[in-house]
Each structure stands twice: as structure tokens, then as C-alpha cells.
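Structure first, then comments.
Basis for what follows: all heavy atoms, side chains included, without hydrogens, waters or symmetry-related copies. In what follows, residues are counted from 1 in the order of the sequence shown. For ligands, and for the atoms within them, numbers begin at 1 and follow the listed sequence.
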Amino acid sequence: MATIFSGIQPSAQAPHIGNYIGALKQWVELQEGNDALYCVVDLHALTVPQDPKKLQESIDQTYALLLAIGLDPEKSTVFVQSQVPAHAQLGWVLQTISTMGELSRMTQFKDKSAKFKDSIPSGLFTYPTLMAADIVLYDTQIVPVGEDQIQHVELARNLAQRFNNRFGDTFVVPNVQIKKEGARIMSLADPTKKMSKSDENKHAAVFLNDPLDVIQEKLSRAVTDSQTEITFDPERKGLYNLLSIYKILTGKSEVEIEQDMKGKGYKEFKQEVAHQVITLVEPIQTRMQELLSDRTALHDSMKRSAEKAASRAQKKLEEVYSKIGL
Ligand code: ATP
Ligand code: LTN
């Protein structure tokens, strides 16, 4: 049994199938037989400007989605970050032992700050120290994420080690866990770019809350190539991406899929992929609507999980405060 921690930002835009395949699917698998904590990281969302009403709604939506994909509050602790004050408190402590140099090297900071020209919010810069706090507060051993978060988990490891060296053994040094397959699902509109929530091209990503006909339409338009044979060839990026999605969702082997697709055209194959995606998202959408229709029950569940997480986090924070002389 391992302690697992991961987080997802609440956003007005629902997660896409890249988020699901790269991260969320593993969360569900890992809750079996492990001590798993999953967090809606609303404090992280504040690193870019937010509308308060919309943020509140996004938190509910994201929490409901996590339950709808199969996370079970009886098996894992699914909670909202801002409801456990120790995250922000430890975040500050870790920020004081981080350096400008190491934070400047974060590629996500470079990408996201580029959009702000002169007035880059400083939260965008210090964000990885809060993420490190999220992880080390619970003696986390394994952090399941998509590829783009490896650098942040590396930083969490460095900060944990640095703190331990300076103040004595306090934190477990966490390990990142990346799925070999699906860690980087590509855009359907441009398979050289990763599938992203913020892509301006409406056909780049399939979102878990997309209407079923929209899913069909997006997949039928997915960029492929002018060849005809359906085979796993990483050089044929668009097709390879669709095949990877199909492979993960069906659990079939590459040989099996290539056999099944012999003689079939792209049109038919894309319909098959759409069918698999719809089979995945339809029950999730139904469950999510049910959960969102009773906000009192939803908020009660949030509160209970936050209390569970907080009692663990508070102990670690007290240990940290005492070690650093507070
Ligand atoms: P985006 O770039 O789509 O806006 P994000 O990384 O900001 O995504 P989060 O909701 O914070 O989105 O990420 C949730 C999880 O999904 C993270 O573990 C991240 O690594 C993973 N992830 C994001 N995009 C992809 C992708 N295209 N393929 C696989 N995993 C992904
Ligand atoms: N930075 C991550 C979300 C995140 C996270 C975490 C992931 C915040 N805290 C702790 C794993 C562990 C993102 O943007 N996807």
C-alpha cells in the first residue's frame, strides 16, 4: 500500500480526454489498495485572474466530475485544497527555501507567463512551491500525473530533500508516476501539439462534458494523413494519436487492433474511436448531473473529506513549524 497524491485545477472548461487518459484514469485505478488523496486545487487556479462566481461553480463541477469518473470517498480522500489551510501555510514555508533560479527554470511558468507581457502575476511564478506543499504534507510516495508535471514533481523532491537536510528528516521524498502510454495525448486538430484545455481551436480537444454529437463531429474531423492503412506508426502522428486513445479505452493490443482494422478506412475507424469515447463519457455525464442536482449533499461530502485531510495535514504542519522554530 502506497500513499498517493494528485491534484487537478478547477476550471470553467471541463477536463478533456487527454486529462482523463493521462491522469484521471490512473487515479481511479490507484484508489484500490492504496492510501490515495485527490485534490481540487482551487488555490492554484488563483494564479490567473478568476471570476468569483464562476470559480465557485468550477470547484463544484470538478469535484462532482471526480466522483462521477469513479473516485469513491469511501476508498480515497477527494477534497478541495482551500478547505485545508495547511496547504497554503506549508506552501509559504517551502517558498522561503526555494530559489528564484529554480522557479525560473519551470517550463510551465515560461509558457504561461508569456501571455501576460509586463504584469506577470507572481503566483504563477511561485505556484510549484504550493504544489510541493500539497504533495509532501501527506508523506506522499507516488504522484500520478501527465508528462507536463514531471518538472514540478522534481522540484517537490528537491524541496523535500533540502528541508530534510536543513531541519532533519521530516518529509518523504515523492516519486512521479507517468503512464507509459497516454501521458501525452495530442491535439486532434494539430497532432504535433498536446491536447490542451486552452487551445483556441474548437476541434483540438474532446471534453468530458461535450454533447455526444459534438464528440462524433470532432473525431470525424481529426487530422490524419493521406495514407490508407491503419497501423501503429509513431511517425503518422494524427493516426497514432487516435490509435493510442482507442487502445487505452478498449484495452486491446496493437496487433489485435491492426487485425480488426484491416480493410477499414479512416472514416470507419474514427467512428469506432468516437463510439469508445462516447461509451466512456455518457455515464460520467449522467452521474455528474445527478451529483450537481443536490448541492447540499455535494458540499457535505466535500466537507467530510476536507476534515479527514485536514487532521492529517495539520499534524505535519505542526511538525514543520516546530522544526523551523515557530
Ligand atoms: P491543459 O494544458 O489541457 O490546460 P493542464 O495541465 O493545465 O491542461 P490540469 O487540469 O491542471 O490541466 O491537468 C490535469 C492532469 O492532466 C495533469 O496531471 C496533466 O499532466 C494531465 N494532462 C494535461 N494535458 C494532457 C494531455 N494532453 N495528455 C495527457 N495528460 C495530460
Ligand atoms: N499543477 C498541476 C495540478 C496540481 C498537482 C498538485 C498535481 C496541483 N497540486 C499536486 C499533482 C500533485 C497541474 O496543473 N496539472
Checklist line | Contacting atoms of ligand 2, where contact means under 4.0 angstrom from a heavy atom of V143 | finding: 11 (C), 12 (C)
Margin query: Going by the closest heavy atom to atom 3 (C) of ligand 2, which one wins out of G146, C39, G7, P174?
Written below: G7
Next item on the list: Number the atoms of ligand 1 from 1 as they appear, then name those within less than 4.0 Å of a heavy atom of V145, with their elements.
Entry: 18 (O)
Note to self: Suppose we measure from atom 14 (C) of ligand 1 to each protein heavy atom; which comes out shortest, and what is that distance?
What the structure shows: N19 ND2, 3.8 Å
Note to self: Would you say D134 and Q81 are linked by a side-chain donor-acceptor pair, where the criterion is simply a distance under 3.5 Å?
What the structure shows: yes
Item checked: Atoms of ligand 2 close to H44 [distance to a heavy atom under 4.0 angstrom, numbered from 1] -> 8 (C), 9 (N)
Checklist line | Distance filter under 4.0 Å to Q149 heavy atoms, resulting ligand 2 atoms | finding: 1 (N), 2 (C), 13 (C), 14 (O), 15 (N)
Checklist line | Numbering as shown, the atoms of ligand 1 that approach R184 to under 4.0 Å (heavy-atom distance) | finding: 28 (N), 29 (C)
Item checked: Shortest heavy-atom approach to atom 5 (P) of ligand 1 - which of K193, K194, Q13 -> K194
Notebook entry, point to check: What about H152: any of its N or O atoms under 3.5 Å from an N or O on ligand 2?
Noted result: no
Note to self: Would you call the rings of Y38 and W27 parallel, tilted or perpendicular, taking 30° and 60° as the class edges?
What the structure shows: parallel
Next item on the list: Could you tell me which atoms of ligand 2, counted from 1 in the order shown, lie closer than 4.0 angstrom to a heavy atom of V145?
Entry: 7 (C), 11 (C)
Check: So which heavy atom in the protein is nearest atom 27 (N) of ligand 1, and how far is it from that ligand atom?
Finding: I185 O, 2.8 Å
Margin query: Given S244, A183, A14, identify the one with the heavy atom nearest to atom 29 (C) of ligand 1.
Written below: A183
Note to self: Checking a contact table here: which protein heavy atom is nearest atom 19 (C) of ligand 1, and how many Å away?
What the structure shows: D148 OD1, 3.3 Å
Check: Which of the atoms in ligand 1, numbered in the order shown and given with their element, are less than 4.0 Å from a heavy-atom of G182?
Finding: 29 (C)
Note to self: Which label fits Y246 and F269: parallel for a plane angle under 30°, tilted from 30 to 60°, or perpendicular past 60°?
What the structure shows: perpendicular
Next item on the list: May I ask you to check whether Y138 and H87 place their ring centers less than 6.0 Å from one another?
Entry: yes
Next item on the list: Tell me which protein heavy atom sits closest to atom 31 (C) of ligand 1, plus the residue, atom name and distance to 0.1 Å.
Entry: G18 O, 3.7 Å
Margin query: I need the I69 CD1 to L208 CG distance, nearest 0.5 Å.
Written below: 8.0 Å
Check: Is there a side-chain contact (heavy atoms from CB on, under 4.5 Å) between N241 and L188 once you walk through the steps?
Finding: CA-CA 8 Å; N241 190 41; L188 299 180; 4.1 Å; yes
Notebook entry, point to check: Any idea which atoms of ligand 1 are less than 4.0 Å away from a heavy-atom of K197?
Noted result: 1 (P), 3 (O), 4 (O), 9 (P), 10 (O), 12 (O)
Next item on the list: Using a strict cut-off of 4.0 Å, indicate which atoms of ligand 1 neighbour a heavy atom of A23.
Entry: 15 (C), 16 (O), 18 (O)
Item checked: Polar contact flag, side-chain donor to acceptor under 3.5 angstrom, Q289-Q285 -> no
Note to self: So if I count the atoms of ligand 2 from 1 in the order they appear, which ones are less than 4.0 Å from some heavy atom of Q9?
What the structure shows: 14 (O)
Check: Between the side chains of D233 and T231, does any donor sit under 3.5 Å from an acceptor?
Finding: no
Checklist line | D134-ligand 2 polar pair, N/O distance under 3.5 Å | finding: yes
Checklist line | Atoms in ligand 1 with a heavy atom of I8 nearer than 4.0 Å | finding: 10 (O)
Next item on the list: Using non-hydrogen atoms of the residue, decide whether H16 is closer than 4.0 angstrom to ligand 1.
Entry: yes
Item checked: Check: Y266/D225 side-chain N/O donor and acceptor closer than 3.5 Å -> yes
Check: What are the atoms of ligand 1, with element, lying closer than 4.0 Å to any heavy atom of Q149?
Finding: 20 (O)
Checklist line | Atom indices of ligand 1 within 4.0 angstrom of G22 heavy atoms, with elements | finding: 29 (C), 30 (N)
